[in-house]
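One structure is given here, and the rest of the page talks about it.
Chain letters run A, B, ... following the sequence lines, proteins first and then strands; every chain starts at 1.
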Amino acid sequence: MATNLTPLEELFYQECLKAGNNGLTYTDFSGIHPDSPVMDTAIAMNSLLGRGFIEVFQVRGEQVYKALKKEEIGKAGALQGEEQVVYNTIRASGNEGIWTKHLKSKTNLHEAVIKRCLRALEQKALVKAIKSVKHPTRKLYMLMELTPSVEVTGGPWFTDQELDVDFVEQLTNQCYKYILMKSFPRDASCIFTSTHSAYPSAAMVRKYIMDKRISQVDLSVDDITMLLDVLVYDGKVERFIALVDEDWDDEDMDTDSDWVYKAVRDKKAESAWQDCPCGVCPVADFCTEGGPVNPAGCNYYNKWLDF
Amino acid sequence: MEYIHFSLNMYQKVANVLIRKGRMPVGLIVNFTALKPRQVRECLFVLIQHNLVVYAESQEKSRIVTYYEINRTELLHRVLIPKVLHSSQEWFERDGALIAESLLTHGKLTITDCVADVLTTSGVAPGKTTTQRTQLLNKAFTRMVKEKCLIAVRPSDSLTAADKDMAEEKRETDKMTLPPTAAELASIRKVLGAQKQAEQNSTIVGLKRRLDTMDDSYGEKRPRLLTDGDLVIIEEVETDVYFKVNFERFIIRWRNVQIANLYEARLNPTAKTIMQTIMNLAEERMINCKEEHSSPVSIMLLLNSLPKDTNLIDTLEFDPSDLGPNNTKPKIHECLDKYIQILEEDLMKILKKDGGRSGQYVINLKSASQILKKNLIQGIVSARFGAPYVRIMNMLADKGKLEEKQISRFSMMPVKDVREKLTTLCTFGVLNLQEVPKTKERTPSRTYYLWEVILPRAADTLTDRLYHTMGNLRQRRFVERAKRAVLLNKCERTDVKADDSLLNAAEKKELETLNSVLEMLEMQELRIAEMVITLRDF
């Protein structure tokens with residue numbers, strides 16, 4: 001490890017490392033090493049903190065010290081004062097990122113100072129700014145080497161923080177086609193008997209989508225389930241629990257859900273009401289006999305009845 | 001309505017007053033309409049004949065006052081007349097349609113009057129004697145009565161239903177020494193309701209049974225169609241009973257057809273035929289459209305009643321394991337079992353086993369009507385706004401109350417689109433917004449806004465809108481006719497009626513346009529009326 005540590009510093013650092021994520025209080029340390037003098041330990045701790053080997057937290061009114069990993073030491077250690085505080089706070093937020101406002105309240109630093117620090121950190125390529133799907137206006141900061149979590153990016157359905165409607169649409173159509181193909185026999189006038197068990201599950205749909213390379217992005221079964229739910233709400237497929245069948249034991253599929261899907265044949269969206277102007281009339285609410293809008297002099301009617 | 005069907009302004013005035021101002025005695029009607037009392041009495045007489053007005057008598061001090069009231073359901077059903085005629089033609093052939101037409105023009109008739117009327121209007125078909133024709137018509141009439149498409153009218157049917165109920169209730173409460181408690185009153189009402197139901201359910205009024213022998217002895221109450229050697233009991237319509245068209249029965253049948261049609265798109269035509277047959281078998285015991293379940297139908301009966309050309313075997317795709325080694329397809333009754341199983345397991349859950357008895361199936365009419373209503377509303381929303389709106393609606397119907405953000409997540413649509421769609425649907429009347437404040441002071445920022453679909457309420461708002469459209473179509477029809485009043489008057493002239501060469505080319509063309517315009521408007525009105533019965537009556 002770092003050669004320029006005094007024995008006491010080294011000792012304290014090692015103890016912190018051993019304590020791991022829970023951290024180490026001074027009382028803990030003095031319990032293990034009662035012979036180390038208080039003054040010297042304090043100096044050692046200060047020097048460690050200053051060089052970024054350990055960091056300090058306040059837990060229930062007590063100071064808790066945590067050791068940093070070796071690869072992180074250099075970076076934080078190279079930073080000065082406020083920059084270091086900002087860097088540490090950002091690092092603590094993990095792959096969720098942290099909003100500048102929260103950063104301010106956590107560090108108790110002035111806004112201008114935080115801005116300056118962030119600019120400096122960005123220049124050194126230590127942190128990066130990202131945007132969240134949940135709060136598109138907020139600017140979040142996280143460490144350069146981390147990839148943003150699904151919470152922040154919104155999963156595979158989002159490109160540039162916006163829902164990729166076309167992509168979703170295309171995929172749902174493909175899913176529907178696949179399920180439709182599996183739901184009815186080739187002969188259009190036939191139907192399967194009720195013992196038919198080859199209705200696809202979400203896992204099977206996923207396999208189809210991945211095999212056909214319809215999506216460039218890797219989709220999980222949960223993602224596909226979301227798509228299928230949409231199809232259910234569209235009234236295009238129906239979901240039910242599959243028959244329990246002893247032969248149903250495919251190892252290469254994770255069959256944690258027993259839901260299978262069956263397509264409903266597409267019905268044409270038609271309604272007799274919309275065939276006459278009143279069904280689509282934008283001013284129908286004002287339409288009264290003898291009013292400014294009325295059926296007697298209605299222009300829509302004129303057009304409609306004039307074939 | 002009266003204006004078209006009775007073409008005299010007088011009737012319109014009387015009916016209008018009654019519709020708008022509620023029940024009233026003759027004196028008041030005279031006041032409001034400014035007609036002569038004799039005219040008003042005549043109008044009321046005609047309207048009662050057509051089952052459109054009902055009356056109630058009440059004792060006021062020393063004299064009895066008669067109040068008149070419009071029979072709204074009967075009146076609203078009149079829009080369906082073209083469809084009734086069409087269906088009669090379909091179910092009872094031409095004779096049925098003629099009988100229905102005659103009954104609808106005269107309000108109510110006895111069998112003899114009706115047949116005589118049909119004979120004079122339609123004439124005797126070539127190659128048939130009048131007696132043969134009369135027999136055929138009698139037969140058709142009897143069949144329509146048996147299938148409850150025609151219903152007997154008793155003098156009491158012209159009394160208002162509410163007054164009849166009240167009078168019966170009073171008779172019961174008068175027996176008591178003390179005024180009835182709420183619980184007693186409720187139990188009386190229940191008993192009376194049950195009585196009424198049983199009455200409707202029992203034998204058909206106006207039918208009598210007769211032994212088909214030479215002597216015309218009237219059979220007493222015996223089981224129907226009892227055959228004993230050569231003795232056949234046939235049912236015939238009593239000649240002194242008046243009949244009218246039973247709109248309710250037509251509506252029930254239309255609903256049944258719609259329910260069966262659901263299965264054609266979901267499964268295949270064979271499934272539809274099976275459902276239709278089950279419905280037909282259960283239909284006899286249906287009384288109105290608000291029942292929860294049909295009466296049970298047994299599989300054996302179903303098998304015997306299926307149309308001969310139903311293809312049960314070839315329309316099923318069997319798993320190879322089901323077929324066995326010989327690859328032989330199962331017998332017809334096994335296939336029917338399979339079909340029933342498919343229908344029972346269908347996610348609409350309309351057909352189900354009758355609890356306790358095996359081989360008996362009932363139809364869940366209530367949920368079937370719900371599905372029909374929901375489909376109709378979905379059709380309207382989808383045709384008017386598009387598929388994404390239907391998605392939101394279905395989701396809310398499925399999940400209950402949801403917030404904007406949740407809707408956006410589940411429907412995979414951006415929040416801003418969802419917000420716009422929700423508002424549109426809400427103004428249209430399909431969605432409801434429920435506010436739930438987090439704190440006492442109800443600030444908008446600290447409030448949940450939950451959206452939901454309440455199906456009955458949505459159906460009500462849409463029915464309102466549909467009525468509005470129907471009114472518009474009808475008004476437009478008047479306008480189109482009024483525009484060409486001169487021409488129409490000319491056409492009514494006897495010499496023009498006799499010789500249409502008296503009309504010049506322009507007039508003929510104009511007449512043609514008018515007819516096609518009227519046809520379009522009437523057609524559209526009927527289609528809207530069909531949607532209304534789905535939402536209102538099913």
Exercise. Which atoms of A:L227 come close to chain B, meaning under 4.5 Å heavy atom to heavy atom: side chain ones, backbone ones, both, or neither?
Worked result: both
Exercise. Counting heavy-atom pairs under 4.5 Å to chain B, which of A:E169, A:K262, A:E238, A:K236 comes out on top?
Worked result: A:E238
Exercise. Between B:R391 and A:D229, is a salt bridge (charged side-chain N to carboxylate O under 4.0 Å, His left out) present by the stated rule, with each step listed?
Worked result: CA-CA 10 Å; B:R391 183 186 301 176; A:D229 279 348; over 6 Å; no
For this session: Starting from the C-alpha separation in whole Å, work towards a yes-or-no answer on side chain to side chain contact (heavy atoms under 4.5 Å, CB included) for A:W304 and B:M520.
Result: CA-CA 10 Å; A:W304 178 53; B:M520 253 176 104; 3.5 Å; yes
Exercise. Would B:Q524 and A:D275 satisfy side chain to side chain contact (heavy atoms under 4.5 Å, CB included), going step by step from the backbone distance to the final call?
Worked result: CA-CA 8 Å; B:Q524 190 60 38; A:D275 288 349; 4.0 Å; yes
Problem set entry | pair B:M412-A:T172: side-chain heavy atoms closer than 4.5 Å | no
Exercise. With side chains defined as the heavy atoms from C-beta onward, is the minimum distance between A:Y301 and B:L521 less than 4.5 Å?
Worked result: yes
For this session: Answer whether the closest heavy-atom distance between the side chains of A:F192 and B:I342 falls below 4.5 Å.
Result: no
For this session: Check whether any side-chain heavy atom of B:E480 sits under 4.5 Å from a side-chain heavy atom of A:L305, and report yes or no.
Result: yes
Problem set entry | Test item: B:P414 and A:V165 side chains (from C-beta on) under 4.5 Å apart, heavy atoms | yes
Exercise. In terms of heavy-atom proximity below 4.5 Å to chain A, should B:I392 be classed as side chain, backbone, both, or neither?
Worked result: neither
Problem set entry | A:C278 side chain near B:H468 side chain, heavy-atom distance below 4.5 Å | no
Problem set entry | chain B contact via A:E289 - which portion, at a heavy-atom distance below 4.5 Å | both
Exercise. With only heavy atoms counted, which part of A:D285 is less than 4.5 Å from chain B, the side chain, the backbone, both or neither?
Worked result: side chain
Exercise. Looking only at side chains, do A:N302 and B:R476 share a donor and an acceptor under 3.5 Å apart?
Worked result: yes
